[in-house]
2 protein chains.
Amino acid sequence: MALDHAILVSLLEKPGSGYELARRFERSIGYFWTATHQQIYRVLKRMESDGWVDVRDVPQQGRPDKKEYSVAGPGRDALSTWLHEPIEPESVRHDLAVKIRGAAFDDPAALISEVQRHRQAHTERLAHYLAGEARDFGEPPESGPLDAERELQHAVLRGGIAYERMMIAWLDDVLATLGRFRAGQ
Amino acid sequence: MALDHAILVSLLEKPGSGYELARRFERSIGYFWTATHQQIYRVLKRMESDGWVDVRDVPQQGRPDKKEYSVAGPGRDALSTWLHEPIEPESVRHDLAVKIRGAAFDDPAALISEVQRHRQAHTERLAHYLAGEARDFGEPPESGPLDAERELQHAVLRGGIAYERMMIAWLDDVLATLGRFRAGQ
DNA sequence: TGCATCATGTAATCAGTTACATGATTTT
DNA sequence: AAAATCATGTAACTGATTACATGATGCA
């Protein structure tokens, strides 16, 4: 149940409303975890009743009021406990790989455009990550004590970049393989 | 609902029992999709009642009898339909990345051993994939017509290998970053 | 005798997705 | 006037995980 923990980390980085969290899960923390607003509101409600987060009503002008959540002591403790527990190295789940193996029993060449679409999506994500890296980590910080939050966010982003580069290279490999079956062998 | 399709692909590659499928999902097709026997039996039952698979009782000596499943016409059609539908490029879900960003609010150095454990696991998986590649794809096939099943399985395996290599390199990067915070800064 | 492997299942719970629902404000 | 954005929620369903349950055979 790591959605709880992903939300706690995001709220520690910056308190915010359910809506704002949902937006962050489309970017930033969403690079490695996705969640919809329905999930987020449910979890926030549970964490609130468990005393893991505090809520504050924030009136706004020109916008509907919002509830700003921040991490409370017990939430911080729960996160700390989880951080010290070992987790299993997760296994991947690639629909596309199922399709590629399945293509052997259909027309392999028919998959080419689908793989190209995926390659395109990964190229766009890579560009997006690289732009974010240049914007947020382009300049070295004013030399002072090491900023753990910044450095660790950067390390995670570098993981996203490495992942997208690997995927693009692999999809090129797959395209070359599929190309050899053109015209239904 | 791609578990259905993953099972269909696996049964097309070779008919087998629920138990055998569960074993394959621990290796081979499990490189990119996981499923437990409970899930598999449930899906097989549903696909049987939908006429997607045929069942044959196979008596065995020295072992309990088994039910051997194979793909029927409607199952093949359902797979083909799915293969021609576009799917969304899936987003990753990395618990470890949540932990790494969360470590900024705890002791970053305390994560080092956890990251090392993950690095170890990925190193083992890589070795396992490379051994499988040498065993199954080491020698070029007797030159004849291109074997789509074999070539596409190999392409997927190369994806697994690329993924593990990328992860090991990234985890080394993360370890270097965490090391800079030793002694709780 | 006990443990591992082969073989198949049910039940309960938890997590995630999709659909539905409302309402204010701001921009086109 | 319509569409987009901000903001919060409920309900139903599907999928995945965990726990429970049984029973045969083979090996140490």
Side-chain angles (χ1 to χ4, degrees), chain A residues 1-8 11 15-27 29-30 32-50 53 55-69 82 87-95 98, chain B residues 1-8 11 15-27 29-30 32-50 53 55-69 82 87-95 98:
Chain A
M1 210 194 333
L3 175 56
D4 296 36
H5 306 111
I7 288 176
L8 289 171
L11 288 178
S17 67
Y19 186 83
E20 282 162 352
L21 283 169
R23 306 234 54 200
R24 289 184 212 169
F25 275 89
E26 284 167 9
R27 317 181 289 107
I29 214 152
F32 49 81
W33 200 278
T34 52
T36 58
H37 77 272
Q38 292 90 335
Q39 263 179 289
I40 291 166
Y41 284 119
R42 213 182 325 132
V43 171
L44 282 175
K45 183 162 280 185
R46 192 184 66 230
M47 292 202 294
E48 190 196 338
S49 74
D50 291 350
V53 293
V55 203
R56 196 168 64 92
D57 275 305
V58 179
Q60 298 185 114
Q61 308 102 299
R63 288 180 182 189
D65 297 351
K66 65 176 183 179
K67 295 185 188 175
E68 194 183 75
Y69 290 87
W82 178 71
I87 49 172
E88 281 309 299
E90 58 271 348
S91 32
V92 226
R93 197 157 283 199
H94 279 299
D95 297 64
V98 177
Chain B
M1 207 193 338
L3 175 56
D4 297 38
H5 306 112
I7 288 176
L8 288 172
L11 288 178
S17 67
Y19 186 83
E20 283 162 350
L21 282 169
R23 306 234 54 203
R24 289 184 213 170
F25 275 88
E26 285 168 8
R27 318 182 287 105
I29 213 152
F32 50 81
W33 200 276
T34 52
T36 58
H37 77 274
Q38 291 92 333
Q39 265 179 286
I40 291 166
Y41 284 120
R42 213 182 327 130
V43 172
L44 282 174
K45 184 163 280 186
R46 192 185 65 230
M47 291 203 293
E48 191 196 339
S49 74
D50 290 348
V53 293
V55 202
R56 197 168 63 92
D57 276 305
V58 179
Q60 299 184 113
Q61 307 103 300
R63 288 181 184 187
D65 297 351
K66 66 175 180 178
K67 296 184 187 174
E68 195 183 74
Y69 291 87
W82 178 71
I87 50 172
E88 280 310 297
E90 57 271 346
S91 32
V92 227
R93 196 156 283 199
H94 279 299
D95 297 63
V98 178

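Since the structure is predicted, the reported quantities are computational estimates derived from the model, not experimental observations.
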> So which of B:I7, B:T34, B:T36 actually passes side-chain contact (heavy atoms from CB on, under 4.5 Å) with B:F25?
Replying inline: B:I7
> Which letters describe nucleotides 11-17 of chain C, given B = protein heavy atom under 4.0 Å from base, S = only from sugar-phosphate, - = neither?
Replying inline: ----SBB
>> Which heavy atom of B:L44 sits nearest to which heavy atom of B:G18, and what is that distance?
In response: CD1-CA, 3.6 Å
> What is the distance, rounded to the nearest whole Å, between atom CD1 of B:I7 and atom P of D:dA16?
Replying inline: 10 Å
> If we fit an axis to the first five pairs and another to the last five of the helix from C:dT1-D:dA28 to C:dT28-D:dA1, what angle do they make, to the nearest 10°?
Replying inline: 30°
>> Counting only side-chain heavy atoms from C-beta out, which of C:dT10, C:dT8, D:dA7 sits nearest to A:Y19?
In response: D:dA7
> Residues in side chain to side chain contact (heavy atoms under 4.5 Å, CB included) with B:P15, at least two apart?
Replying inline: B:E68, B:S70
> What nucleotide among D:dG9, C:dC6, C:dA7 has an atom nearest to a side-chain atom of B:R23?
Replying inline: C:dC6
>> Closer than 3.5 angstrom, by distance alone: can the side chain of A:D57 be matched with the main-chain N or O of A:K67 as a donor-acceptor pair?
In response: no
> By side-chain hydrogen bond (donor to acceptor under 3.5 Å, both in side chains), which residues pair with A:E26, not counting sequence neighbours?
Replying inline: none
>> Please report the distance, rounded to the nearest Å, between NE2 in B:H37 and C1' in D:dG23.
In response: 13 Å
> Who pairs with A:H5 by side-chain hydrogen bond (donor to acceptor under 3.5 Å, both in side chains), at least two apart in sequence or on another chain?
Replying inline: none
> Along nucleotides 23-28 of chain C, 5' to 3', which nucleotides get a B, which get an S, and which get a -, given that the test is a protein heavy-atom distance under 4.0 Å?
Replying inline: B-SS--
> Could you give the CG-to-C1' distance, from A:D57 to D:dT8, as a whole number of Å?
Replying inline: 12 Å
